[in-house]
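Data first, discussion second: the structure below is written as structure tokens.
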Amino acid sequence: MATPQPPVTRLCTHTLTSLHYRDADLVEDLMGKKTFTEVMLMQILGRTPRPVDLRIADVVLIVLMEHGLTPSAIATRLIYMSAPENLQGAVSAGLLAVGSSFVGTMENCAALLDRIAAAADPEAEARAIARHHKALKSPVPGFGHHLHKPVDPRAYKLLDMGRADPELAGSRIRALETLSAAVDAAAGRPITINATGAVAALLGEIGVPTAVMRGFAVISRAAGLVAHVVEEQQSPSGRFIWETVEEAIPYAGHAVSANAA
């Protein structure tokens, strides 16, 4: 039996006088010469990013950064109120909410786009997906929005940018369009593509693996949550949120209320 090879890393190394990110010298090749997005993509994708990669990654990071007082932002504000000495703990609390229901849903949609793009009959695959979710009475990942109706303007701006870029092959955008038509047909009415659906298509276009896409939401949302901490420092809302929830959700047990007398 062959001896297992020990694990290695290609991300970073250093000497007494230098530090490298992959094969690039941090001081000589990156500092003052590359943007954060360039270095981030180089590290994550393991290649030199193309101009189109940078354009798409930047717009995606901007779109995902801020969604208002969502569960992630509320968690960050409440934890910061409780432990103001621990900014990173507050941001981390918010990042734990990046998942399959909020912020990180592009990963779920991208998996469906992968299926459609690989299918011998993409339209039949899309119809099967749409019918399956309708039977379950569950939304198709990447579709529908509780606030933006009849369309999510962010999604259609993203897709317009993707279609207009000649460097993109367009396979994931076409897969999303095929799925959109099937979703509309199954529902019997137009269902908007939402921002994370468009993000799934565009990140797929630049070669971001489906299993990595949620990481882009984490990177972007971390910046947005730092901004929520700043606002919490300047105009605290954590205690108001706490007291509002406490008042809005009454006790329904059988214990005697301390105030009942």
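Residue Y156 qualifies as enclosed at atom OH: its count of foreign heavy atoms under 6.0 Å is above 12. The neighbour count for E247 CD, taken as heavy atoms of other residues, nucleotides or ligands under 6.0 Å away, does not exceed 12. With a 6.0 Å radius and a threshold of 12 heavy atoms from other residues, nucleotides or ligands, Q5 has its CD atom at or below the threshold.
Put simply, V226 and V98 are part of the same group of oily side chains (I, L, V, M, F, W, Y) that touch within less than 4.5 Å, one to the next. Residues V218 and L225 share a hydrophobic cluster, clusters being chains of Ile/Leu/Val/Met/Phe/Trp/Tyr side chains in contact below 4.5 Å. V52 is connected to M213 through a chain of hydrophobic side-chain contacts under 4.5 Å among Ile, Leu, Val, Met, Phe, Trp and Tyr, so both are in one cluster. Cluster annotation: I62 and M161 are assigned to distinct hydrophobic clusters (Ile/Leu/Val/Met/Phe/Trp/Tyr, side-chain heavy-atom contacts under 4.5 Å, transitive). Both V60 and V212 belong to a single network of hydrophobic side chains, linked directly or stepwise wherever heavy atoms of I, L, V, M, F, W or Y lie under 4.5 Å apart.
Across all non-hydrogen atoms, the minimal contact from A73 to G68 is CB-O, 3.3 Å. Taking each heavy atom of I193 and A198 in turn, the nearest pair found is CG2-N, 4.0 Å. The two residues A169 and R174 have their closest heavy-atom pair at O-NH1, 3.3 Å. Residue A195 comes nearest to A155 through the heavy atom pair N-CB, 3.9 Å, listed as atom of the first residue, atom of the second, then distance. Across every non-hydrogen atom of L45 and G207, the tightest pair is CD2-O, 4.2 Å. Contact between A110 and A200 at its shortest, heavy atoms only, is N-CB, 3.8 Å.
Legend: side chain to side chain donor-acceptor pair (under 3.5 Å) pairs involving residues 56-71, not counting sequence neighbours, sorted by first then second residue: T37-D58, E66-H228, H67-R154, H67-R221, T70-S72. Here salt bridge (Lys or Arg N to Asp or Glu O under 4.0 Å) pairs that include residues 189-199, with residues two or more places apart or in two chains, number zero. Each salt bridge (Lys or Arg N to Asp or Glu O under 4.0 Å) pair with one or both residues in residues 155-168, not counting sequence neighbours, appears once here: R55-D165, R55-E167, D160-R163, R163-E177. For residues 124-140, the salt bridge (Lys or Arg N to Asp or Glu O under 4.0 Å) pairs, not counting sequence neighbours, are R115-E125. Annotation: side chain to side chain donor-acceptor pair (under 3.5 Å) contacts involving residues 22-33, sequence neighbours excluded, are absent.
Judged by distance alone, the side chains of T210 and D114 do bring a donor and an acceptor atom under 3.5 Å apart.
As a member of the Ile/Leu/Val/Met/Phe/Trp/Tyr network built from side-chain separations under 4.5 Å, V230 groups with nothing else and remains a singleton. Through direct or indirect side-chain contacts shorter than 4.5 Å among Ile, Leu, Val, Met, Phe, Trp and Tyr, Y21 is connected to L19, L26, V27, L30, M31, V39, M42.
In this structure, the separation between OG1 on T13 and NE2 on H20 is 8.0 Å, given to the nearest 0.5 Å. In this structure, S220 OG and M65 CE are separated by 6.5 Å, a value rounded to the nearest 0.5 Å. The CH2 atom of W242 lies 8.5 Å from the OG atom of S82; values are rounded to the nearest 0.5 Å. The distance from atom CG of L41 to atom CZ of R47, rounded to the nearest 0.5 Å, is 7.5 Å. Atom CD1 of I219 is separated from atom CG of L64 by 10.5 Å, given to the nearest 0.5 angstrom. Going from atom CG of L61 over to atom CZ of F216 covers 7.0 Å, rounded to the nearest 0.5 Å.
At least one donor-acceptor pair under 3.5 Å links the side chain of E38 to the backbone N or O of T35. Under a 3.5 Å cut-off, the side chain of Y80 and the backbone N or O of G89 do not form any donor-acceptor pair. Between the side chain of T15 and the main chain of S18, a donor-acceptor pair closer than 3.5 Å is present. Remark: the backbone N or O of P141 is not paired with any side-chain donor or acceptor of N108 at under 3.5 angstrom. A donor-acceptor contact shorter than 3.5 Å links the side chain of E205 to the backbone of G170. For T192 (side chain) and N194 (main-chain N/O), no donor-acceptor pair under 3.5 Å exists by modelled atom type.
By the side chain to side chain contact (heavy atoms under 4.5 Å, CB included) test, A126 is found to be paired with I116, T178, L179, A182, residues two or more places apart in sequence or in another chain being considered. Partners of R239 according to the side-chain hydrogen bond (donor to acceptor under 3.5 Å, both in side chains) rule, which considers only residues two or more places apart in sequence or in another chain, do not exist here. The side-chain hydrogen bond (donor to acceptor under 3.5 Å, both in side chains) test applied to T244 returns no partner, not counting sequence neighbours. Residues meeting the salt bridge (charged side-chain N to carboxylate O under 4.0 Å, His left out) test with E232, sequence neighbours left out: R77. For Q43, there are no side-chain hydrogen bond (donor to acceptor under 3.5 Å, both in side chains) partners two or more places apart in sequence or in a different chain.
With contacts defined as side-chain heavy-atom distances shorter than 4.5 Å, the pair I173/L202 qualifies. The side-chain heavy atoms of I79 and L87, taken from C-beta on, include no pair separated by under 4.5 Å. A heavy-atom distance below 4.5 Å is found between the side chains of F143 and L176. Contact check for C109 versus T196: no side-chain heavy atoms found under the 4.5 Å cut-off. Using a 4.5 Å heavy-atom threshold, the side chains of V63 and L158 count as touching. Using a 4.5 Å heavy-atom threshold, the side chains of L168 and I206 count as touching.
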